Amino acid sequence: MPDPRQLLLDARRVVVLTGAGISAESGVPTFRGEQGLWRNFRPEELATPEAFARDPRTVWEWYHWRRHLVAQCVPNAAHHALVEFALDRPGVRLVTQNVDGLHARAAYDVAALRDPTPALPLELHGNLFRDRCTSCDEHGDHDLELGDEGSEDTADLPSCSACGSLLRPDVVWFGEMLDPAVLGEAQRLAAEAEVCLVIGTSAVVHPAAGLANETKRRGGRVIEVNPEETPLSAIADCCVRSSATEAIPEICRV
Ligand code: NAD
Ligand code: ZN
């Protein structure tokens with residue numbers, strides 16, 4: 001098996017694709033773990049346009065719970081190591097499926113010393129802390145309080161300051177399309193990368209899971225960091241079976 005650190009040192013262009021596993025050690029539950037459950041709902045039952053159309057209050061309550069949970073978490077050693085890696089190496093770009101904002105928070109941790117911009121990730125699935133209007137183009141990063149839990153009334157759910165329609169979290173739900181511009185940029189980065197470093201994703205959610213295949217198809221190498229085997233393991237040139245905080249500070253050391 002090739003040495004992952006050497007593969008990264010030898011590559012000029014690297015794309016790093018992260019999933020929920022990189023934030024697990026910060027205390028953010030993954031969807032496929034037991035702790036991902038909220039009131040016995042599975043995320044697949046809540047993170048859908050159909051669930052929101054049927055019962056926006058329950059979906060908003062779940063997002064509200066997740067916002068509070070994630071707000072109490074902090075970036076871990078893997079997030080920070082990736083910031084150093086991206087700031088040190090101009091050819092490194094981060095792409096994330098996560099909506100928790102922890103990559104950006106890690107990048108801003110160095111803001112007093114360095115410009116964090118090169119370490120900000122492309123967010124494929126949006127951001128938990130942003131809302132958008134269900135009718136117009138309005139976006140915002142307010143975290144509005146909901147009214148009494150359990151009320152049937154939607155009048156006190158977050159509404160758009162421009163047109164008054166219901167707001168929704170600015171995330172991509174199951175069954176929805178990714179923003180074509182964001183996906184196109186991620187596909188370009190994956191195609192041009194000599195190495196795709198995939199961290200903490202079960203690699204079953206498409207099209208994000210296909211990005212590593214794109215690197216591979218163009219002759220690049222794939223490194224997987226995940227304590228468990230995934231569908232991607234079969235095409236990876238190198239599988240590191242460790243947690244993100246054990247593996248990343250070592251293999252991405254600058
Ligand atoms: P997933 O929940 O399907 O899979 C998590 C993967 O991380 C698993 O393969 C697991 O083996 C691995 N893992 C667990 N602990 C790890 C650790 N300490 N270090 C490295 N790997 C570890 O996550 P996914 O593939 O990202 O897909 C879930 C979808 O749901 C994503 O599209 C994402 O948008 C969303 N989601 C986001 C968050 C977040 O923002 N933190 C959390 C849950 C789900
Ligand atoms: Zn609006």
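Since this is a predicted model, take the numbers as computed values, not measurements. Throughout, residue positions are numbered sequentially from 1 according to the sequence presented.
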Trp38 with Trp60, same ILVMFWY side-chain cluster at under 4.5 Å: yes
List the steps and the verdict of side chain to side chain donor-acceptor pair (under 3.5 Å) for Glu224 and Ser233. CA-CA 7 Å; Glu224 174 177 69; Ser233 306; 2.7 Å; yes
Check Val28 against Leu69 and note the closest heavy-atom contact, atom names and distance. CA-CD2, 4.3 Å
Are there more than 12 heavy atoms of other residues, nucleotides or ligands under 6.0 Å from atom CE of Met177? no
Whether Tyr63 and Trp173 hold their rings parallel, tilted or perpendicular, with breakpoints at 30° and 60°: tilted
Could you go through the side chain to side chain contact (heavy atoms under 4.5 Å, CB included) check for Glu123 and Val182 one step at a time? CA-CA 8 Å; Glu123 293 176 324; Val182 174; over 6 Å; no
Side chain Lys216, main chain Ile235, donor-acceptor under 3.5 Å: yes
Not counting sequence neighbours, list each pair that qualifies as a side-chain hydrogen bond (donor to acceptor under 3.5 Å, both in side chains) and has a residue in residues 80-91. His80-Asp109
Are Ile22 and Asn98 close enough, and set up right, to give a side chain to side chain contact (heavy atoms under 4.5 Å, CB included), and what steps lead you there? CA-CA 9 Å; Ile22 195 171; Asn98 293 346; 3.4 Å; yes
Are the side chain of Arg5 and the backbone N or O of Arg253 linked by a donor-acceptor pair below 3.5 Å? yes
His125/Leu178 under side chain to side chain contact (heavy atoms under 4.5 Å, CB included): CA gap, chis, key distance, verdict: CA-CA 7 Å; His125 293 167; Leu178 272 63; 4.1 Å; yes
Using a distance-only test with no angle check, is there a side-chain donor-acceptor pair under 3.5 angstrom linking Thr230 and Ser202? no
Could you please spell out the steps behind the side chain to side chain donor-acceptor pair (under 3.5 Å) verdict for His79 and Ser23? CA-CA 8 Å; His79 296 107; Ser23 297; 3.3 Å; yes
Below 4.5 Å, heavy atoms only, C-beta onward: do Glu176 and Val171 meet side chain to side chain? no
Looking only at heavy atoms, what is the nearest atom pair of Leu102 and Cys73, with distance? CD2-O, 4.2 Å
Test of ring centre spacing under 6.0 Å for Phe41 and Trp62: no
Just verifying a value: how many Å separate Thr96 OG1 and Leu82 CG, rounded to the nearest 0.5 Å? 9.5 Å
For a 4.5 angstrom cut-off between non-hydrogen side-chain atoms, does Thr134 reach Phe52? yes
To the nearest 0.5 Å, what is the distance between CG (Asn213) and CG (Leu232)? 6.5 Å
Report yes if the side chains of Asp170 and Asn127 come closer than 4.5 Å at any heavy-atom pair, otherwise no. no
Closest approach of Val240 to Pro4 (non-hydrogen atoms, all atoms of both residues): CG2-CG, 4.0 Å
Okay, side chain of His139, backbone of Asp137: is any donor-acceptor separation there less than 3.5 Å? yes
So do the side chains of Ser165 and Ser159 get within less than 4.5 Å of each other, counting heavy atoms only? no
Non-hydrogen side-chain atoms of Arg221 and Glu194 separated by less than 4.5 Å: no
Check ion pair Arg105-Asp100 (N to O, under 4.0 angstrom): no
Are the side chain of Glu192 and the backbone of Leu189 linked by a donor-acceptor contact shorter than 3.5 Å? no
Tell me whether Glu185 is salt-bridged to Arg93, with the criterion being a basic N under 4.0 Å from an acidic carboxylate O. yes
State yes or no: do Leu113 and Leu87 share one hydrophobic cluster built from I, L, V, M, F, W and Y residues joined by side-chain heavy-atom distances below 4.5 Å, directly or via other members? no
Honestly curious: do Val198 and Val16 fall in one hydrophobic cluster under the side-chain, below-4.5 Å linking rule? no
Leu9-Val195 co-clustered via ILVMFWY side chain contacts under 4.5 Å: no
Flag, side chain of Ser26 to backbone of Val74, donor-acceptor distance under 3.5 Å: yes
Give, for atom CD of Gln97 and atom CZ of Phe31, the distance between the pair rounded to the nearest 0.5 Å. 10.5 Å
Ile199 side chain near Thr18 side chain, heavy-atom distance below 4.5 Å: yes
Derivation of the side chain to side chain contact (heavy atoms under 4.5 Å, CB included) call for Val99 and Phe129: CA-CA 8 Å; Val99 296; Phe129 295 96; over 6 Å; no
Could you name each residue pair satisfying side-chain hydrogen bond (donor to acceptor under 3.5 Å, both in side chains) that touches residues 46-55, not counting sequence neighbours? Asp55-Thr58
Nearest-0.5 Å distance, CG of residue Leu94 to CG of residue Leu122: 9.5 Å
Looking at side-chain heavy atoms only, is the closest gap between Cys196 and Ile223 below 4.5 Å? no
Tell me yes or no: between the side chains of Thr245 and Glu25, is some donor less than 3.5 Å from an acceptor? yes
When clusters are formed by joining ILVMFWY residues with side-chain heavy atoms under 4.5 Å apart, either directly or through shared neighbours, do Leu120 and Leu183 land in the same one? no
For Ala193, is there any backbone N or O sitting under 3.5 Å from a side-chain donor or acceptor partner on Thr215? no
Once you round to the nearest 0.5 Å, how far does OG of Ser135 lie from CG of Leu167? 9.5 Å
Is any NZ, NE, NH1 or NH2 atom of the basic residue among Glu229 and Arg241 found under 4.0 Å from an Asp or Glu carboxylate oxygen of the other? no
Shortest non-hydrogen contact from Leu8 toward Ile251: CD1-O, 3.6 Å
With a 4.5 Å limit on heavy-atom distance, are the side chains of Leu197 and Cys252 in contact? yes
Minimal heavy-atom distance between Ala107 and Pro116, with the atoms involved, is O-CB, 3.3 Å
Correct closest heavy-atom pair for Ser243 and Val225 would be O-CG1, 4.4 Å
